[in-house]
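Down below is the structure, laid out as structure tokens.
Naming: A, B, ... by sequence-line order, numbering from 1 per chain. Only a predicted model underlies this, so the values are computations on that prediction, with no experimental measurement involved.
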Number of protein chains: 2
Amino acid sequence: MRRPTIHDIARRAGVAKSTVSFALNGQPGVSESTRRRILGVADELGWRPSSVARSLSSAQAGAVGLVLACETADPALMRLVAGFESVFGPREVGLLLQFAPRTELAVYHSWWHQRRVDGVLVVDVRVSDPRIALLGELGLPAVTLGRSALPSVSLDAETAMRTAVGHLARLGHRRIARIGRSPELVHTAEHTAAFLDAARAMAMESAVCVTAEPDAAEAVRRLLAARPRPTALVCDTDVMALGALGVAAQLGIRVPGELSVLAGEDSPLCLLPHPALTAVRVDLHSYGAAAAETLRCLLAGDRPPDRTFGPPCLVERGSTGPPVS
Amino acid sequence: MRRPTIHDIARRAGVAKSTVSFALNGQPGVSESTRRRILGVADELGWRPSSVARSLSSAQAGAVGLVLACETADPALMRLVAGFESVFGPREVGLLLQFAPRTELAVYHSWWHQRRVDGVLVVDVRVSDPRIALLGELGLPAVTLGRSALPSVSLDAETAMRTAVGHLARLGHRRIARIGRSPELVHTAEHTAAFLDAARAMAMESAVCVTAEPDAAEAVRRLLAARPRPTALVCDTDVMALGALGVAAQLGIRVPGELSVLAGEDSPLCLLPHPALTAVRVDLHSYGAAAAETLRCLLAGDRPPDRTFGPPCLVERGSTGPPVS
DNA sequence: GCAACGAACAAAACCGGTTTTGCTCGAATC
DNA sequence: GATTCGAGCAAAACCGGTTTTGTTCGTTGC
């Protein structure tokens, strides 16, 4: 099947191809009758613009990029990506995905040189992240999920942690712990600070934060080996929360009686175990969409304000309850 | 930062831009000394080809597409995608992702018209899938994951189910059940047939297959309400298996004593619960890579043979054991 | 009645590559 | 010594759009 070009339309309508271009783009300089004739022919031929040709002359790639560092199939990421897509998809802006465990910087370089993308979304921002500097240097428009020197959209860690810790406080917990992802992540750092703040505000007896890297189950085991043992555990991700439930089951610790488990993100996974996981729900799809919207603004030439996304809300299920001493 | 073009190189090296193109692409017709000079200048200027310009003249998009129907964040999908990427990423072929719950066909049409992609990968093939017909009609190169009229790579359902059922048979199970995804999926249909075959071959007393749609937990509950109750349950996905463990816990059914649970795919999720899930391991990353490799052949002009990927292997963990009557 | 103007369109340049064609010149052939 | 021939390169066409520049012609103003 041969795809029609504006040249074909021009020939068929008996006009110059520049006229066709003007007519199709609603530019002035074409009489109404000619415009209608051209649109008719274009429709008849089933013409659609070649994104490549348009990109070349407009110097716009018509795509945005996302580089993923981890090969670990984080379910949460997929929902973020779906959120990105909900903004760009309908606008016919492609979403280019690349996995690059250790070569993220090279990918950005490559994309920029090849003019493959108009902008990028950056997830899992680290403290003093080299990507931020590079993107600024290249002048490649970017929006980060998590605060950075670039335009960003971030989660409301304070409210999230106040919600989580407040819930546990109301249930009567006095010794709480939290397990998060790598401490190098801005997300983790912010949530750790917010967790400790909230714990102080609620006058917790103890509040400790540990990292799930490299082995989340081992980290949970160590936490639960402490004496006195924390009676509640806030897990940054739902996967960690599932893991915590597993460790508790293995150690014969009853949930929620002897240990309350709270997931810092909600997803269908939280419904699977018994008891189901109480979670702080963040709408990752909307979060992703908000980031995409911000990038869209940036690409349109505005300087979008940094946004905080939220607030999260608590979804109470069976994995949290009053501590039994 | 201005990006250098071959025109810049040509001016600097004092040659025509066609000569630069030949030199950079290793074409004959350029003397060795000129070629070296041009490569030197290109290197000095930090030149990289514009993918857009190259696409326009070569009539190749330099990208392949993937349309996802489901917004449900299936962790398995991410690993497949990572597998695709492991083939295309290093070759600087972009992976374009689009979520299109009900407009998949429109996306293919649009991509084809816009010349956005050179080919597509199709996941979750359904019986009599309209996408297959459309792709054939458009002549858009495609590889399906799961058998179809198009070039495909599929899983070895027979071996997988023989492995799973054989394991259960050796443990002494006589009444087994299986829960799978939508029966419309080719993947499900093939695994159902293979499961029933294997059950017959092992002279099972009973072997029933149900679908997890729309509510997997409810389906498991119904299965476990049957009398006599099946003593083992094969779950097509690891998420379903987690759900089955949850339901069993809720009903007070001990795993693996009263019910063995086996996951049809392995992932880190299988390690989370206690007992951890015995699984039939399929390397989804390699499976995705095999599909991508097949598409690459197709794009290179070969007609690749349909491949079966496998065989899977059994990873024994705690969720399966001899039935206690 | 003639210059000035603007509407409507054609023609051409451009984006940054690839590919075809054409030209020049030195070496080999007869 | 005139004729091929081919190596090495320049020039131009091309991909399919967008954008700038030119051209024609009817209308308006003085």
Side-chain angles (χ1 to χ4, degrees), chain A residues 1-39 41-42 45-63 92 110-118, chain B residues 1-39 41-42 45-63 92 110-118:
Chain A
M1 242 201 265
R2 219 185 77 79
R3 279 164 284 212
T5 70
I6 59 168
H7 184 251
D8 299 325
I9 301 179
R11 199 157 15 120
R12 190 114 156 204
V15 296
K17 69 173 195 169
S18 52
T19 306
V20 174
S21 176
F22 287 136
L24 291 170
N25 291 312
Q27 303 277 12
V30 187
S31 72
E32 199 46 43
S33 64
T34 306
R35 181 187 306 275
R36 258 201 301 275
R37 193 168 81 248
I38 291 175
L39 291 181
V41 173
L45 260 49
W47 177 85
R48 294 286 298 274
S50 154
S51 68
V52 173
R54 187 167 270 181
S55 291
L56 184 57
S57 60
S58 69
Q60 299 230 332
E92 310 231 304
S110 171
W111 277 352
W112 184 81
H113 271 102
Q114 300 184 172
R115 302 158 181 75
R116 274 213 98 122
V117 297
D118 296 319
Chain B
M1 239 199 265
R2 220 185 77 77
R3 281 164 280 213
T5 70
I6 59 167
H7 183 251
D8 299 326
I9 301 178
R11 199 158 15 123
R12 189 113 157 207
V15 296
K17 68 172 195 169
S18 53
T19 306
V20 174
S21 177
F22 288 135
L24 291 170
N25 291 311
Q27 303 278 11
V30 187
S31 72
E32 199 45 43
S33 64
T34 307
R35 180 185 309 273
R36 258 202 301 275
R37 193 169 80 248
I38 290 176
L39 291 181
V41 173
L45 259 47
W47 177 86
R48 294 286 298 274
S50 155
S51 69
V52 172
R54 188 167 270 181
S55 290
L56 185 58
S57 60
S58 69
Q60 299 229 334
E92 308 231 304
S110 170
W111 278 351
W112 184 80
H113 270 103
Q114 299 184 177
R115 304 158 179 75
R116 274 213 99 122
V117 297
D118 295 320

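Minimum atom distance to the side chain of S57(A) is reached by dG16(D), of the listed dA10(D), dG16(D), dA11(C). Side-chain atoms of K17(B) lie closest to dG17(C) of the nucleotides dA10(D), dG17(C), dA10(C). Distance from the side chain of L56(B) is smallest for dG16(D) among the nucleotides dC9(C), dA12(C), dG16(D). The side chain of S18(B) sits closest to dT19(C) out of dT19(C), dG17(C), dC9(C). Of the candidates dG16(D), dA10(C), dT18(D), the closest approach to any side-chain atom of N25(A) belongs to dT18(D).
The distance from the CD atom of E92(A) to the CZ atom of R54(A) is 9.0 Å, given to the nearest 0.5 Å. To the nearest 0.5 angstrom, S51(B) atom OG is 11.5 Å from L56(B) atom CG. With values rounded to the nearest 0.5 angstrom, H113(B) atom NE2 is found 11.5 Å from S50(A) atom OG. Put simply, CG on D8(A) and NZ on K17(A) are 11.0 Å apart, with the number rounded to the nearest 0.5 Å.
The CD1 atom of I38(B) sits 14 Å away from the P atom of dG17(C) (whole-angstrom rounding). One interatomic measurement links the two molecules: CG of D8(A) to C1' of dG17(D), which rounds to 13 Å at whole-angstrom precision. As rounded to whole Å, 11 Å separates atom P of dT19(D) from atom CD1 of I6(A). Summarising the geometry, the separation between CG on L24(A) and P on dG17(D) is reported as 9 Å, rounded to the nearest angstrom. Rounded to a whole Å, the CD atom of Q114(A) is 13 Å from the C1' atom of dG16(C). Going from atom CD of Q60(A) over to atom C1' of dG16(C) covers 16 Å, rounded to whole Å. dT18(D) atom C1' lies 14 Å from atom CD1 of I9(A), rounded to whole Å. To the nearest angstrom, P of dG17(C) lies 14 Å from CD of E92(B).
When all heavy atoms of R116(B) and A63(B) are compared, the closest pair comes out as O-CB, 3.9 Å. Here the closest heavy-atom approach between residue D118(A) and residue A61(A) is recorded as OD1-N, 2.6 Å.
The 5' end of DNA chain C is approached more closely, in terms of each residue's nearest nucleotide, by R37(A) than by the other of P49(B) and R37(A). When each of F22(A) and H7(A) is assigned the nucleotide of DNA chain D bearing its nearest heavy atom, the one mapping closer to the 5' terminus is H7(A). Where R35(B) and T5(A) meet DNA chain D, the nucleotide closest to each residue was compared, and R35(B) sits on the side nearer the 5' end.
Note on S58(A): every side-chain N or O is 4.0 Å or more away from OP1 and OP2 of dT18(D). Contact annotation: W47(A) side-chain N/O to dG16(D) OP1/OP2 distance is not under 4.0 Å. Taking only side-chain nitrogens and oxygens, R54(B) comes nearer than 4.0 Å to OP1 or OP2 of dT18(C). Contact between the side-chain N/O atoms of T34(A) and the OP1/OP2 oxygens of dC9(C) is found at a separation under 4.0 Å. The shortest distance between the side-chain N/O atoms of S21(B) and the OP1/OP2 oxygens of dT18(C) is below 4.0 Å.
If you check every strand for non-hydrogen atoms under 4.0 Å, V15(B) touches sugar and phosphate atoms only.
In this model, no side-chain donor or acceptor of S31(A) finds a partner on the base of dA8(C) within 3.5 Å.
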